[in-house]
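First up is the structure itself, then whatever we jot down about it.
The chains referred to below are lettered A, B, ... by the order of the sequence lines, with proteins before strands, and numbering in each begins at 1.
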2 protein chains.
Amino acid sequence: MIKLEALRAFVTVAEAGNIRDAAKKLCRTPSAVSMTLKQLEEEVGGPLFETDRKNSLTALGAFMLETGAMQVDSYDRAIERVHAFAENRIGRLTLASVPSVAANLIPQILPRFVADRNEVEIEMFDIDSRSVRAMVESGQVDLGIAGRPAPDAPVSFMPLFRDRFRVICSTDSRLARINRPLRWSDLRRENLILNGASERIKAPSYKALSDRATMTVRNVTTLVALARSGFGVTLLPALSTTDLPMGVVARDLADTSVERVVGIVERNGITLSPVAAAFRKVLVEELPPLVASLGLDEREPPETPQPPKRPEALESAEIRSTDPEDAAL
Amino acid sequence: MIKLEALRAFVTVAEAGNIRDAAKKLCRTPSAVSMTLKQLEEEVGGPLFETDRKNSLTALGAFMLETGAMQVDSYDRAIERVHAFAENRIGRLTLASVPSVAANLIPQILPRFVADRNEVEIEMFDIDSRSVRAMVESGQVDLGIAGRPAPDAPVSFMPLFRDRFRVICSTDSRLARINRPLRWSDLRRENLILNGASERIKAPSYKALSDRATMTVRNVTTLVALARSGFGVTLLPALSTTDLPMGVVARDLADTSVERVVGIVERNGITLSPVAAAFRKVLVEELPPLVASLGLDEREPPETPQPPKRPEALESAEIRSTDPEDAAL
DNA sequence: TTATTAATTTCAGAGAAACTGAAATGGATA
DNA sequence: TATCCATTTCAGTTTCTCTGAAATTAATAA
């Protein structure tokens with residue numbers, strides 16, 4: 001059976017024109033190369049060189065050189081691509097993220113990531129938490145960034161940062177003039193507009209307020225426009241309130257337990273592709289400090305995120321089963 | 001360094017879905033395959049399968065399978081082509097032959113040769129002896145079939161058969177009525193037309209006749225037409241006289257030493273391509289009996305032709321250095 | 001859950017293959 | 001003919017790969 005390495009030796013000798021130089025290139029002794037060649041000739045059943053001095057090929061040798069050089073090159077390139085893939089220099093990364101992260105955080109970390117990886121294709125979906133989890137679960141994307149899934153969800157979750165809810169109201173509103181964190185009681189007289197993100201807030205005082213609310217709006221732009229018009233107020237995660245237009249303000253809540261936890265959603269028991277793993281690492285290392293630097297939250301990140309090993313991936317998702325908040329934004 | 005055989009093992013396992021079946025296909029024990037896979041994963045730096053049960057690939061494994069299957073297939077096909085070439089099932093055969101052989105003998109042996117070799121390309125030139133040798137010498141053709149070259153010619157020669165010269169004359173001619181082999185004296189009163197083939201006849205009696213001749217014609221058809229018209233007579237190798245038209249006859253010469261020796265012309269010190277070697281063998285084995293069966297010559301072939309080994313190729317051409325006849329036809 | 005079964009992995013030793021360095025051979029050059 | 005250089009041969013060593021037994025792990029049955 002003809003070995004690729006024998007082919008490589010032959011091609012090197014044929015191209016060098018003599019054994020000595022070829023042996024040097026191959027990091028072998030001339031005798032080793034000579035033996036390989038002899039064996040190769042035995043295996044193909046005919047002489048490859050016209051003379052002992054390896055500077056002239058037979059017809060068979062010429063054919064072998066043509067074929068062999070092609071194979072060796074192609075093989076080396078293929079192996080290089082495998083390594084490039086394994087070292088996440090090439091590949092394809094598909095992401096799904098809630099819009100607030102997609103718009104406010106991803107743009108800050110993505111450029112550096114792609115800079116060294118000009119052969120990596122990236123596709124990103126910005127969709128609500130529920131869809132993020134669905135896409136992760138179905139394998140449509142490698143990684144998701146979303147609020148914490150329900151504990152029984154078939155995906156694992158690694159929390160990255162907390163995002164407190166804030167009250168969004170018109171600059172003219174009564175609330176805007178209160179010079180301290182707002183209490184639930186401050187909201188009692190306001191018309192509360194519900195939204196996808198606030199849907200999953202569990203605080204009892206909030207429940208009471210939201211039960212009375214009659215309107216749900218899922219689009220942030222519309223939500224803000226309604227608040228600005230003085231029609232009502234709403235609760236949004238701080239990250240969604242970074243670029244508020246003139247006429248509306250965001251006020252902190254006194255109840256700092258009202259928050260969503262945003263993190264990485266990934267499929268259970270599936271090894272990430274090398275690019276995805278690399279991007280995950282970047283997320284874990286860079287998102288929490290980035291969020292902290294935005295000054296949205298004065299407190300520490302909720303947990304010290306540590307990348308789970310393959311077998312433990314599932315555990316890290318199951319460990320915490322506190323209230324599973326969610327944010328559609 | 002990733003070996004092709006490791007890739008092959010991986011591809012086989014990935015396609016079989018388990019190690020046991022793959023090991024069977026590879027004619028290895030499962031433990032050997034398992035170790036190969038483990039080493040492969042180490043070399044690429046990541047897991048290729050999701051679980052120990054090898055039925056589900058990681059992204060890296062999928063990429064490796066794609067790349068690897070392609071490489072293994074391509075390699076196997078390439079090696080198969082090299083073998084096909086070495087076993088003369090594929091390749092290209094270029095021949096040059098004097099027209100008499102090209103027209104009368106080659107068609108009888110070529111069909112069977114090409115029948116088992118439907119991927120062999122064949123190119124044949126029918127040209128005079130001198131050009132045959134030139135094409136062989138310059139490497140334009142693998143093999144030539146021609147008269148014996150001069151002893152110092154840079155080509156080797158393997159004689160295949162003798163071809164006696166015969167007298168071509170009109171049916172109405174005086175010579176046509178002589179009921180025995182013709183003697184030189186019979187020709188004394190005839191107008192002798194010279195030709196490329198007869199040019200190199202060395203017999204002294206012929207010399208005397210040809211010195212008196214004034215016309216040389218190199219085209220057989222014209223030559224025959226002239227003879228038919230009664231303009232003169234000419235001497236042609238018997239093989240060129242097999243399909244004489246009405247109106248001319250060929251008569252044997254009493255001097256049976258007047259002959260050309262036809263054989264294989266090949267380049268010195270050049271290994272034939274496998275197809276060429278195979279065709280050469282067919283020529284050596286089949287041409288002499290074929291010529292004998294044509295009844296052109298009652299005697300034995302001049303030597304027992306034996307295919308020369310690589311180093312001896314030159315010798316076999318040098319051994320005989322008797323009168324180097326030639327035939328332009 | 002525990003026992004059973006099947007598949008895979010680990011390990012140590014055997015065997016095969018490839019490599020090296022020294023000596024022999026073979027061509028080319030003076 | 002002698003010398004030089006490249007290549008080959010050879011024997012011994014090193015490195016790899018394979019096997020078979022035992023251990024581990026996962027899946028299935030009780």
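Protein atom CD1 of A:Ile2 is 13 Å distant from nucleotide atom P of C:dA18, rounded to whole Å. In this structure, A:Lys54 places its NZ atom 12 Å from P of C:dG27, rounding to the nearest Å. Rounded to whole Å, atom P of D:dT17 lies 12 Å from atom CE of A:Met1. Regarding B:Glu5, its CD atom lies at a distance of 13 Å from the P atom of C:dA17, rounded to whole Å. One atom, CZ of B:Phe49, and another, P of C:dA7, lie 16 Å apart when rounded to the nearest Å.
Applying the salt bridge (charged side-chain N to carboxylate O under 4.0 Å, His left out) rule to pairs touching residues 38-49 of chain B yields nothing, sequence neighbours excluded. The salt bridge (charged side-chain N to carboxylate O under 4.0 Å, His left out) contacts involving residues 83-93 of chain B comprise B:Glu80-B:Arg89, B:Glu87-B:Arg89, B:Arg92-B:Glu121, B:Arg92-B:Glu123, where partners must be two or more places apart or lie in separate chains.
Within the structure, every side-chain polar atom (N or O) of A:Lys3 is placed at least 4.0 Å from both OP1 and OP2 of C:dA17.
Listed in residue order, the members of residues 14-21 of chain B having a heavy atom less than 4.0 Å from DNA chain C are B:Asn18, B:Ile19, B:Arg20. Within residues 32-46 of chain B, the residues having any heavy atom closer than 4.0 Å to DNA chain C are, in order of number, B:Ser34, B:Met35, B:Lys38.
Salt-bridge annotation for A:Glu266 and A:Arg280: present, with a side-chain N of the basic residue lying under 4.0 Å from a carboxylate O of the acidic one.
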Full working for side-chain hydrogen bond (donor to acceptor under 3.5 Å, both in side chains) between A:Arg117 and A:Asn88:
CA-CA 8 Å; A:Arg117 296 176 177 83; A:Asn88 66 74; 2.9 Å; yes

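B:Asp142 contributes no side-chain N or O that, together with a main-chain N or O of B:Ala276, makes up a donor-acceptor pair within less than 3.5 Å.
Among D:dT8, D:dT17, D:dC5, the nucleotide with an atom closest to any side-chain atom of A:Pro30 is D:dT8.
Taking only distance into account, the side chain of B:Ser31 meets the base of D:dG20 through a donor-acceptor pair shorter than 3.5 Å.
Shown here for A:Ala96 and A:Val132, the closest heavy-atom pair between the two residues is O-CG1, 3.8 Å.
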Taking distance alone, no hydrogens or angles, what donor-acceptor pairs closer than 3.5 Å link side-chain atoms of residues 1-16 of chain A to residues at least two apart or in another chain?
| from | atom 1 | to | atom 2 | distance (Å) |
| --- | --- | --- | --- | --- |
| A:Glu5 | OE1 | A:Arg8 | NE | 3.1 |
| A:Glu5 | OE2 | A:Arg8 | NE | 3.4 |
| A:Glu5 | OE2 | A:Arg8 | NH2 | 3.4 |
| A:Arg8 | NH1 | A:Asp76 | OD1 | 3.4 |
| A:Arg8 | NH1 | A:Asp76 | OD2 | 2.8 |
| A:Arg8 | NH2 | A:Asp76 | OD1 | 3.0 |
| A:Thr12 | OG1 | A:Arg8 | O | 2.6 |

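Looking only at atom types and distance, the side chain of B:Thr271 has a donor-acceptor partner in the side chain of A:Glu50 under 3.5 Å away.
Listed by chain and number, the residues in a ring pair (Phe, Tyr, Trp, His ring centres under 6.0 Å) with A:Phe113 are A:Phe279 (sequence neighbours excluded).
Within 4.0 Å of B:Arg53, counting heavy atoms only, lies at least one base atom of the nucleic acid.
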